[in-house]
Amino acid sequence: MNSSSTLDGRVGGQVGTSGGAGRRGLHLVLALVVGALVSVPALPDATASSVGVVGLVAGVAVAVLLQRRPGGGGSVGRATRGLLVGAGIVGALLLLSIGFGIAAAEAPLLVAVPALVAVAMTYAIARAVDA
C-alpha cells in the first residue's frame, strides 16, 4: 500500500482540494446554465431559441462531466440521488413556468427572480448529489 492511497481515505492518490474545487466549479457552471435557461422567457424570440439550444447542450455537457466521478461512490445513496435530481428537474420546470407567467405579464425584468432561485436550487442540489 503506497502513501498516496491512504491519504484522505481515498484510492487514487488525489491529495488536497483541487479536485473538489474543480467539481464545485462544475456545480456553479451547471447552476448558471439552468439559471440562464429559466431566464429565457425574458429574452426576445430570436435570441431565446439560440440561448435555449446552447444552454441545453452546455447543461448536458456539464452533467456528463459531473457523472465522471473519480474514486468511490459518496455518502448519498443512489435512490436519494435520483430523488434529488428529479426534484431539481421538477423545480427548474416549475421556475421556468413561473418565468413564462412573469414574461406574459409584461414584467420581463422580474424573470430574474425565478432565475436566481433556479441557480441557488441547482447549486445546492448538485453539491448534495455529489457529496
Separation between [atom1] of [X] and [atom2] of [Y], rounded to the nearest 0.5 Å:
X      : Y      : atom1 : atom2 : value
Leu96  : Leu37  : CG    : CG    : 8.0 Å
Leu83  : Ile125 : CG    : CD1   : 11.0 Å
Leu30  : Tyr123 : CG    : OH    : 11.5 Å
Arg127 : Leu28  : CZ    : CG    : 10.5 Å

Taking the side chain as every heavy atom from C-beta outward, state whether Pro114 and Ile102 have any pair of such atoms under 4.5 Å apart. yes
Is the shortest heavy-atom distance from the side chain of Thr122 to the side chain of His27 under 4.5 Å? no
Could you report the tightest heavy-atom contact between [X] and [Y], atom names first, then the distance?
X      : Y      : answer
Gly35  : Ala115 : O-CB, 3.6 Å
Val34  : Ala92  : CG1-CB, 4.1 Å
Met121 : Leu95  : CE-CD1, 4.3 Å

If Ile, Leu, Val, Met, Phe, Trp and Tyr residues are connected whenever their side-chain heavy atoms lie under 4.5 Å apart, and connections chain through other members, are [X] and [Y] in the same group?
X      : Y      : value
Leu110 : Val38  : yes
Leu84  : Val117 : yes
Leu43  : Leu116 : no

Are any side-chain N or O atoms of Ser97 and backbone N or O atoms of Leu93, one a donor and one an acceptor, separated by less than 3.5 Å? no
Checking the side chain of Ser39 only, and the main-chain atoms of Ala36 only, is there a donor and an acceptor separated by less than 3.5 Å? yes
